[in-house]
Amino acid sequence: MSAPSSTSDHGQTPRDGRDVRWAAHRVARRRELVDATVRAIRTHGAGVGMEEIAAQAGTSKTVIYRHLGDRHGVYLAVCESVDARILAEIEQATASSGGFATTAEVNLPRILGAVIDSYLRLVERDPEVYRFVVRRPDVTLPDDLPASDPVTGLSGRIADNLTHLLAQLQPDDAHTQGRNRALAWALVGMVKESADRWLENPDGLTRTDLARHLTAFAHTGLAGHGELPTSDGSAPHPRRR
């Protein structure tokens, strides 16, 4: 009699139950350490040290390194957590303000205001965590940073959402797609730079007022969206009504 096969019907070796449980444990432990790192940042500021992070987590630096890697790994893990939070809040704000309609007219000021305010809320609520994310720690960065930079990655995902929004205002064809994306990046850059400067010196400006000013400026700038002449001087595409 031949020995029972150790492979599944698909020819793959099934994972031992202990492996599955250990993988789940590693995921949970990583989440706990990231949460502890965020708490340490809130307590000690964006320049928090690994010793302070380990103390907050009630463990050693060795354990931190084992689960999160070096300081750059810690930075990436925090960025991943913050990114998920920002994107979830933006999606919630967008949905509550009418969402990305496909047929009905888009309420552009309302949705822009919701997206801008949701971003500024994080800056106001967690200023040190925000500083930690946008000011990379003093570490040796990988050669492929431009491709893997988490701050650029988050900006890109927000820009993707805004590009989709702008596509609802006019036909989404080859002529407009590039312009939509360029405008979306411009909006993201405007809000991020304004948030950075406001964090350093609010000068009496509240988050609500800043969001209102940026929304008005963005909407005014987009008032003629879709009405600029094309590069060959032909008539522009009409705005979707």
Side-chain angles (χ1 to χ4, degrees), residues 30-31 33-50 52-53 56 64 68-94 112-163 181-215 217-218:
R30 178 183 173 87
R31 187 181 304 115
L33 293 175
V34 171
D35 290 344
T37 301
V38 170
R39 292 195 300 272
I41 295 169
R42 289 170 178 159
T43 301
H44 301 286
V48 63
M50 294 300 294
E52 293 163 328
I53 293 174
Q56 179 67 58
I64 301 291
L68 301 181
D70 57 12
R71 186 167 176 81
H72 185 242
V74 172
Y75 168 71
L76 293 179
V78 172
C79 286
E80 181 181 355
S81 175
V82 172
D83 286 4
R85 215 165 81 204
I86 291 178
L87 291 172
E89 291 189 9
I90 285 177
E91 289 178 4
Q92 181 179 2
T94 300
L112 283 175
V115 170
I116 291 171
D117 190 59
S118 64
Y119 186 92
L120 295 177
R121 270 201 308 271
L122 172 73
V123 179
E124 181 180 59
R125 185 173 62 241
D126 253 339
E128 291 304 320
V129 174
Y130 180 79
R131 286 189 178 100
F132 182 86
V133 169
V134 299
R135 297 177 182 174
R136 301 175 191 85
D138 184 17
V139 296
T140 301
L141 300 176
D143 294 336
D144 64 342
L145 178 64
S148 61
D149 180 7
V151 176
T152 301
L154 173 62
S155 297
R157 288 186 286 277
I158 296 174
D160 287 342
N161 285 344
L162 290 173
T163 300
R181 186 144 186 82
L183 290 173
W185 271 109
L187 288 171
V188 170
M190 177 186 73
V191 174
K192 181 183 178 302
E193 185 65 19
S194 298
D196 291 352
R197 301 305 174 189
W198 174 68
L199 180 60
E200 295 307 315
N201 181 22
D203 197 23
L205 191 64
T206 67
R207 186 204 83 233
T208 301
D209 284 342
L210 178 59
R212 180 167 53 83
H213 294 325
L214 292 177
T215 300
F217 183 72

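Just so you know, these numbers come straight off a predicted model, no measurement behind them. Heads up: numbering here begins at 1 and tracks the sequence. For the numbers below, each heavy atom of this structure counts, side chains included, while hydrogens, waters and symmetry mates do not.
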Which residues satisfy the salt bridge (Lys or Arg N to Asp or Glu O under 4.0 Å) test with [X], sequence neighbours excluded?
X      : answer
Glu193 : Arg197
Asp126 : Arg42, Arg85
Asp196 : Lys192
Arg131 : Glu128, Glu200

Tell me, please, which residues at least two apart from [X] pass side-chain hydrogen bond (donor to acceptor under 3.5 Å, both in side chains).
X      : answer
Arg157 : Asp83
Thr208 : none
Arg207 : Asp117, Glu124

I need the minimum non-hydrogen distance between [X] and [Y], along with the two atoms involved.
X      : Y      : result
Ala218 : Met190 : CB-CE, 3.9 Å
Ala159 : Ala184 : O-CB, 3.4 Å
Ala77  : Leu68  : CB-CD2, 4.1 Å
Gln56  : Thr43  : OE1-OG1, 4.3 Å
Trp185 : Ser155 : CZ3-CB, 3.7 Å
Ala211 : Ile116 : CA-CG2, 4.0 Å

Excluding sequence neighbours, so at least two apart, what forms side-chain contact (heavy atoms from CB on, under 4.5 Å) with [X]?
X      : answer
Ser81  : Val34
Glu80  : Arg30
Ala195 : Tyr119, Leu120, Val123, Tyr130
Asp209 : Leu205, Thr206, Arg212, His213

side-chain contact (heavy atoms from CB on, under 4.5 Å) evaluation trace for Ile158 with Leu87
CA-CA 7 Å; Ile158 296 174; Leu87 291 172; 4.1 Å; yes
Before you tell me yes or no, could you show the steps for Val115 and Val191 under side-chain contact (heavy atoms from CB on, under 4.5 Å), namely the whole-Å CA-CA distance, both residues' side-chain angles and the distance that decides it to 0.1 Å?
CA-CA 10 Å; Val115 170; Val191 174; over 6 Å; no
Could you check Arg181 against Asp160 for side-chain contact (heavy atoms from CB on, under 4.5 Å), going step by step and ending with a plain yes or no?
CA-CA 7 Å; Arg181 186 144 186 82; Asp160 287 342; 2.6 Å; yes
